[in-house]
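Heads up: the structure comes next, in structure tokens.
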There are 2 protein chains.
Amino acid sequence: MSNAKMTPELLSLIADRFKVLAEPARLEILQALRAGERSVSDLAQDTGLGQANLSKHLRSLYDGGFVERHREGLFVIYRLADKDVFRICDLMCGRLEELSSKRRKLLASR
Amino acid sequence: MSNAKMTPELLSLIADRFKVLAEPARLEILQALRAGERSVSDLAQDTGLGQANLSKHLRSLYDGGFVERHREGLFVIYRLADKDVFRICDLMCGRLEELSSKRRKLLASR
DNA sequence: GTGTGAATTTACCATCTGGGAATATGGTTG
DNA sequence: CAACCATATTCCCAGATGGTAAATTCACAC
């Protein structure tokens, strides 16, 4: 949000990208892809998600530009497209730790 | 997602934080708070959101740890709590630009 | 062409969530 | 205390979304 003009349209686009990450299943897929390229079948194994469900999550990730894909014979191979995803998640995690330690203090001081 | 163990619980917590940002109205509130502290009434002016609706969005932001608040007489004053929010949004925006330029190229090459 | 395996899409259901109206709570004033 | 104002909460509705099964598409082999 670099001090620039934030039009409603732009905010909406940003929100859409956050929506894609706002789902544990999709975060888990990204996590699995961290180790390298994976076919949809591989990912089904890795995540335990149902096939149709997984496919829809992959579509979201693809539309959001978080993953790339290509076909290899019968298989479709997915890979991470966005090196920033994990930096974003790290920021989220860091804040998570602060929050839970604050919560601990609140509970302790009762 | 620092190469560490990502338990389902942790992924769920991270997803919850993303959910808070996955809403244009809440991004707009954060944007408005960027200029400094604001009462709920101020924010209603700034954003054009209805009172009840705004109040609920503020609750999400508060629960997510993105804003802090305190009372001043009849008013409740909100302020940004998380300096990382805009760094996260910047990463999202940066990627947005890449994506739309790729899209332009795709459209151009038809 | 047919058959098979992998992936996507569709259809449907249950749940969730943003929005607004009405109500409740909290704090101030007189 | 009552009256009032700012905020929060509750209730309800409409639309969005995750999950699964069934149908469809796509690519390869025969």
Side-chain angles (χ1 to χ4, degrees), chain A residues 8-9 11-33 37-81, chain B residues 8-9 11-33 37-81:
Chain A
E9 294 75 29
L11 289 177
S12 204
L13 286 174
I14 301 174
D16 284 343
R17 295 205 82 218
F18 278 124
K19 275 199 231 301
V20 178
L21 298 184
E23 179 64 32
R26 289 193 282 270
L27 293 178
E28 194 180 356
I29 293 170
L30 291 175
Q31 188 71 10
L33 286 175
E37 295 190 337
R38 287 275 189 283
S39 72
V40 179
S41 315
D42 293 337
L43 289 170
Q45 287 267 114
D46 293 344
T47 63
L49 294 171
Q51 201 275 324
N53 191 19
L54 174 58
S55 195
K56 285 198 292 187
H57 284 308
L58 286 170
R59 192 179 208 321
S60 299
L61 288 166
Y62 181 76
D63 289 345
F66 294 104
V67 299
E68 297 171 347
R69 67 182 170 198
H70 66 278
R71 217 172 229 287
E72 283 185 15
L74 286 178
F75 298 84
V76 177
I77 312 295
Y78 283 82
R79 109 187 78 164
L80 293 176
Chain B
E9 295 76 28
L11 288 177
S12 203
L13 286 174
I14 300 175
D16 284 343
R17 294 205 84 217
F18 277 124
K19 275 198 230 301
V20 178
L21 299 184
E23 179 63 30
R26 288 192 283 269
L27 293 177
E28 194 180 355
I29 293 170
L30 291 175
Q31 187 73 9
L33 287 175
E37 294 190 336
R38 286 276 189 284
S39 72
V40 179
S41 315
D42 293 337
L43 289 170
Q45 287 267 114
D46 294 343
T47 63
L49 294 171
Q51 195 273 319
N53 192 18
L54 173 57
S55 195
K56 286 196 289 187
H57 283 308
L58 286 170
R59 194 182 206 320
S60 300
L61 287 167
Y62 181 75
D63 289 345
F66 294 104
V67 299
E68 298 171 347
R69 67 182 171 198
H70 66 278
R71 215 171 229 288
E72 283 184 16
L74 285 179
F75 298 82
V76 176
I77 311 295
Y78 283 82
R79 105 184 73 142
L80 292 177

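Convention: sequence-line order gives letters A, B, ...; per-chain numbering from 1. Since this is a predicted model, take the numbers as computed values, not measurements.
- Separating the CZ atom of Arg69(A) from the C1' atom of dC26(D) is a distance of 13 Å, rounded to the nearest angstrom.
- Between Tyr78(B) and the phosphate of dA6(D), there is no side-chain N or O to OP1/OP2 separation shorter than 4.0 Å.
- For dT7(D), neither phosphate oxygen OP1 nor OP2 lies less than 4.0 angstrom from any side-chain nitrogen or oxygen of Arg71(B).
- Straight-line distance from the NZ atom of Lys19(A) to the P atom of dG18(C): 8 Å, rounded to whole Å.
- For Lys56(B) against dG19(C), a side-chain N or O and a base N or O form a donor-acceptor pair under 3.5 Å.
- Put simply, the side chain of Gln51(B) and the base of dA8(D) share a donor and an acceptor less than 3.5 Å apart.
- Between the CG atom of Asp16(B) and the C1' atom of dG18(D) there is a distance of 15 Å, rounded to whole Å.
- Separating the CZ atom of Arg38(B) from the P atom of dT7(D) is a distance of 13 Å, rounded to the nearest angstrom.
- Straight-line distance from the CG atom of Leu58(B) to the P atom of dG18(C): 13 Å, rounded to whole Å.
- The distance between atom OH of Tyr62(B) and atom C1' of dA8(D), rounded to the nearest whole Å, is 13 Å.
- Atom-to-atom, CG of Asp63(A) to C1' of dT8(C) comes out at 13 Å; the value is rounded to the nearest Å.
- Side-chain N or O atoms of Arg17(B) include one that pairs as donor or acceptor with a backbone N or O of Gly64(B) at under 3.5 Å.
- A residue-by-residue look at Glu72(A) and Glu23(A) shows that Glu23(A) has its nearest nucleotide of DNA chain D further toward the 5' end.
- Within the 4.0 Å cut-off from OP1 or OP2 of dA7(C), at least one side-chain nitrogen or oxygen of Ser41(A) is found.
- With Asp42(B) contributing its side chain and Ser39(B) its backbone, the two residues share a donor-acceptor pair below 3.5 Å.
- Arg26(A) contributes a side-chain N or O that, together with a main-chain N or O of Lys19(A), makes up a donor-acceptor pair within less than 3.5 Å.
- Ranked by how close their nearest DNA chain C nucleotide is to the 5' end, Asn53(A) and Leu74(A) are led by Leu74(A).
- For Ser39(B), counting side-chain heavy atoms from C-beta on, the closest listed nucleotide (dT8(C), dG19(C), dT7(D)) is dT7(D).
- To the nearest 0.5 Å, the span separating CG on Leu30(B) from CG on Leu43(B) amounts to 10.0 Å.
- The side chain of Ala52(A) lies closest to dA21(D), out of dA7(C), dG19(C), dA21(D).
- Nearest-nucleotide assignment on DNA chain D puts the 5′-proximal partner with Ser55(B), out of Ser60(A) and Ser55(B).
- In this model, the phosphate group of dT17(D) is not approached by any side-chain N or O of His57(A) to a distance below 4.0 Å at OP1 or OP2.
- Expressed to the nearest 0.5 Å, how far OH of Tyr78(B) lies from CZ of Arg38(B) amounts to 15.0 Å.
- Close to dG18(C), at under 4.0 Å from its OP1 or OP2, lies a side-chain N or O of Arg26(B).
- Between the CG atom of Leu61(B) and the P atom of dA8(D) there is a distance of 12 Å, given to the nearest Å.
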